[in-house]
Amino acid sequence: MSGDGRRRTAIARALMFKERRRLRTHLGKLRLGTSEARPQGAGFLKYTLVYDRHRVSRYSLPATWKPVVGDLERAMEKYWAPD
């Protein structure tokens with residue numbers, strides 16, 4: 001918990017210029033497509049991207065999603081501020 005008792009759930013600071021440029025480049029090539037049906041069983045990851053007012057959930061990563069998800073995962077590792 002943070003000092004005021006609310007959970008911090010956002011990246012602690014803005015991306016650096018090179019990180020923003022890389023993410024924007026990848027977002028420019030992004031093809032959201034359509035959401036996939038939830039697979040049977042319990043062993044899966046759900047990826048949801050919201051971009052340009054469109055929300056899509058996938059359980060397998062299309063080629064254009066991989067760089068975007070990678071950029072976001074790196075940012076979370078680098079900037080995440082744990083409680």
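The model shown is predicted, which means the values in this text are computed figures rather than measured ones.
Sorted by first and then second residue, the salt bridge (charged side-chain N to carboxylate O under 4.0 Å, His left out) pairs involving residues 59-68 (not counting sequence neighbours) form an empty list. Judged as a side-chain hydrogen bond (donor to acceptor under 3.5 Å, both in side chains), the pairs with a partner in residues 16-26 (not counting sequence neighbours) are, in order, Glu19-Lys78, Glu19-Tyr79, Arg22-Asp71, His26-Asp71. Screening residues 36-45 for side-chain hydrogen bond (donor to acceptor under 3.5 Å, both in side chains), with sequence neighbours left out, gives Glu36-Arg58, Glu36-Ser60.
Here CG of Leu23 is found 9.5 Å from CZ of Arg74. Values are rounded to the nearest 0.5 Å. Note that the OG1 atom of Thr64 and the NZ atom of Lys29 stand 11.0 Å from one another [nearest 0.5 Å]. Distance CG/Leu61 to CG/Leu45: 8.5 Å, rounded to 0.5 Å.
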Side-chain atoms of residues 48-56: list all donor-acceptor pairs with protein atoms under 3.5 Å, sequence neighbours left out, distances to 0.1 Å.
residue	atom	partner	partner atom	Å
Thr48	OG1	Ser57	OG	2.7

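Taking Glu73 as the reference, Tyr47, Val69 meet the side chain to side chain contact (heavy atoms under 4.5 Å, CB included) condition, with sequence neighbours excluded.
Side-chain contacts under 4.5 Å among hydrophobic residues (ILVMFWY), followed directly or transitively, place Tyr59 together with Phe44.
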